[in-house]
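Below is one structure, written out as structure tokens; comments come after it.
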Amino acid sequence: MNYWLMKSEPDVFSIHDLKRKRKTGWDGVRNYQARNYMRDGMKKGDLVFFYHSNAEPSGIAGIARVSKERHPDPSQFDANSEYHDPKATPEKPIWEMVEVEFMEAFSHVITLAELKAAPALKNLPLVQKGTRLSVMPVGETEWKEIVKLAHGEI
DNA sequence: GCCAACGTTGGC
DNA sequence: GCCAACGTTGGC
């Protein structure tokens with residue numbers, strides 16, 4: 001099993017929205033590297049940190065789980081969607097996504113400052129300079145460390 | 001709202 | 001294939 005982190009602006013869709021909705025298709029990703037992680041890397045059952053970006057505070061807010069593997073992102077075909085891609089057709093889709101289901105909302109957000117301050121997390125892609133991906137991998141070691149932080153065990 | 005750091009686009 | 005211009009992300 002692999003571990004991941006996905007970013008969402010909580011004003012648009014937060015961990016609490018996911019809790020209410022139970023599951024959601026992760027549509028709207030329009031970056032090739034992030035798409036490739038969803039298309040080629042993410043398998044059913046993989047666990048995902050739900051990261052709140054552009055938030056007060058920004059940080060990891062909870063855990064989700066991949067409930068459906070790669071499939072075309074329907075918003076690319078929707079002329080009324082802000083994510084519409086005129087180059088994509090149902091026969092030749094460009095953008096794929098996964099579906100995730102709610103697992104847990106942390107009692108407090110693990111802030112970006114906390115993540116940056118933890119020596120054990122220095123290899124976490126999120127805290128490395130210049131990483132702006134909205135979907136990225138998390139190592140097993142880092143995953144366990146962050147879960148400990150979230151559950152107050154550190 | 002600012003701006004640094006990237007990614008994408010398009011002219012050549 | 002280069003690279004300037006532009007757009008986007010996202011922390012602060």
Side-chain angles (χ1 to χ4, degrees), chain A residues 2-21 24-42 46-66 70-100 102-139 141-143 145-150 152 154:
Chain A
N2 289 308
Y3 301 96
W4 308 92
L5 180 145
M6 297 174 110
K7 295 179 182 175
S8 180
E9 300 196 20
D11 291 347
V12 178
F13 193 83
S14 74
I15 188 76
H16 307 291
D17 294 321
L18 181 62
K19 184 175 185 178
R20 269 191 297 277
K21 205 178 159 191
T24 190
W26 206 269
D27 64 358
V29 171
R30 293 295 179 268
N31 170 283
Y32 287 105
Q33 201 177 342
R35 178 206 65 182
N36 291 349
Y37 282 133
M38 288 200 288
R39 188 187 64 184
D40 307 328
M42 298 181 84
D46 282 359
L47 294 174
V48 179
F49 282 134
F50 195 113
Y51 182 89
H52 283 175
S53 61
N54 271 321
E56 194 51 55
S58 293
I60 296 174
I63 297 176
R65 182 169 61 189
V66 177
R70 56 179 291 187
H71 54 291
D73 177 344
S75 66
Q76 70 192 304
F77 310 126
D78 180 358
N80 296 317
S81 169
E82 61 175 315
Y83 301 123
H84 178 236
D85 187 337
K87 294 191 293 295
T89 64
E91 293 73 31
K92 291 193 84 173
I94 297 171
W95 305 106
E96 299 199 42
M97 64 180 195
V98 298
E99 178 193 83
V100 301
F102 176 79
M103 291 288 286
E104 177 184 353
F106 294 155
S107 55
H108 66 287
V109 171
I110 313 300
T111 66
L112 183 60
E114 286 180 76
L115 297 168
K116 284 180 173 171
L121 300 178
K122 67 178 192 306
N123 290 324
L124 187 71
L126 178 75
V127 303
Q128 279 159 18
K129 188 177 174 179
T131 309
R132 287 184 321 175
L133 283 175
S134 59
V135 179
M136 66 180 88
V138 175
T141 307
E142 287 79 9
W143 177 275
E145 194 71 16
I146 293 167
V147 169
K148 279 197 245 173
L149 279 173
I154 297 180

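As a basis for the values below, the full set of heavy atoms in this structure was taken, side chains included, without hydrogen atoms, waters or symmetry mates. Numbers restart at 1 for each chain; the letters A, B, ... are given by sequence-line order, proteins then strands.
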Contact list for DNA chain C against residues 108-123 of chain A - heavy-atom distance below 4.0 Å:
A:Leu112, A:Lys116

Can any side-chain N or O of [X] pair as donor or acceptor with the backbone N or O of [Y] at less than 3.5 Å?
X: A:Gln76; Y: A:Ile94; result: yes
X: A:Asp46; Y: A:Asn2; result: yes
X: A:Asp17; Y: A:Ser14; result: yes
X: A:Glu145; Y: A:Ala120; result: no

What verdict does the side-chain hydrogen bond (donor to acceptor under 3.5 Å, both in side chains) test give for A:Ser75 and A:Arg30, after you've listed the backbone C-alpha separation in whole Å, the side-chain angles of each residue and the deciding distance to 0.1 Å?
CA-CA 11 Å; A:Ser75 66; A:Arg30 293 295 179 268; 3.1 Å; yes

Report the C-alpha distance between A:Lys7 and A:Met136 in whole Å, list the side-chain angles of each, state the deciding distance to 0.1 Å, and finish with yes or no for side-chain contact (heavy atoms from CB on, under 4.5 Å).
CA-CA 9 Å; A:Lys7 295 179 182 175; A:Met136 66 180 88; 3.9 Å; yes

In Å and rounded to the nearest 0.5 Å, what is the CH2 to CG distance from A:Trp95 to A:Asn31?
7.0 Å

Mapping A:Lys87 and A:Asn54 onto DNA chain B by nearest heavy atom, which one lands closer to the 5' end?
A:Asn54

Should the ring pair A:Phe50 and A:Trp26 be called parallel, tilted or perpendicular, given that the plane angle runs from 0 to 90° and is split at 30 and 60?
perpendicular

Can you give the first and last nucleotides of DNA chain B, 5' to 3', that have an atom under 4.0 Å from a heavy atom of chain A?
B:dA5 to B:dT8

